[in-house]
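Below is one structure; the comments refer to it alone.
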Amino acid sequence: MRASLELININANQIAYSAPITAEFVFANQWAIAKGDVRALSDRTLALLGQKALPEPPDTYMLVGVSQVMLNEVQREIEYCSLHKIE
């Protein structure tokens with residue numbers, strides 16, 4: 001998701017600060033099936049054995065997730081403006 005944050009000085013009717021905002025939500029599900037000698041597998045791969053494939057979450061779940069990431073980015077930019085006294 002991409003957006004542009006613009007803070008406007010309403011007294012001067014000018015854009016005081018502008019920044020691009022990007023966010024993404026990644027659904028990752030890892031699992032493994034092994035045939036043969038499992039002693040050859042790494043600890044990380046061994047931990048994946050027995051896990052099940054999960055269905056992809058609904059679009060609304062992913063939209064809420066990316067919205068939270070976007071909100072955090074906006075808050076970070078506003079804190080930057082406050083710290084640097086951008087008005």
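What you are looking at is a predicted structure, and each value in this text was computed from that prediction instead of being measured.
The environment of CG in D37 is crowded: more than 12 heavy-atom neighbours from other residues, nucleotides or ligands sit within 6.0 Å.
One finds the CG atom of L5 at 10.5 Å from the CD1 atom of I15 (value rounded to the nearest 0.5 Å). To the nearest 0.5 angstrom, T45 atom OG1 is 9.0 Å from Q30 atom CD.
Note: the hydrophobic cluster containing L48 does not contain V38 (ILVMFWY, side chain heavy atoms under 4.5 Å, direct or indirect links).
No side-chain heavy atom of I8 sits less than 4.5 Å from a side-chain heavy atom of Q14. Within the 4.5 Å cutoff, the side chain of L7 has heavy atoms near those of the C81 side chain. Proximity of L41 to L49: side-chain heavy atoms (C-beta onward) are separated by under 4.5 Å at one or more points.
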Exercise for review: Apply the test side-chain contact (heavy atoms from CB on, under 4.5 Å) to residues T22 and M1: give CA-CA distance (whole Å), side-chain angles for both, the deciding distance (0.1 Å), then the verdict.
Suggested key: CA-CA 6 Å; T22 59; M1 181 180 283; over 6 Å; no
Exercise for review: Carefully, step by step, assess Y61 and F27 under the rule side-chain contact (heavy atoms from CB on, under 4.5 Å).
Suggested key: CA-CA 10 Å; Y61 177 82; F27 169 72; 5.9 Å; no
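Sorted by first then second residue, the ring pair (Phe, Tyr, Trp, His ring centres under 6.0 Å) pairs that include residues 62-87, not counting sequence neighbours, are Y17-Y80, Y80-H84.
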For a quick test of your reading: what N or O donor-acceptor pairs under 3.5 Å do the side chains of residues 63-73 make, sequence neighbours left out?
from, atom 1, to, atom 2, distance (Å)
S67, OG, L63, O, 2.7
N72, ND2, Q68, O, 3.4
E73, OE1, R76, NE, 3.4
E73, OE1, R76, NH2, 2.7

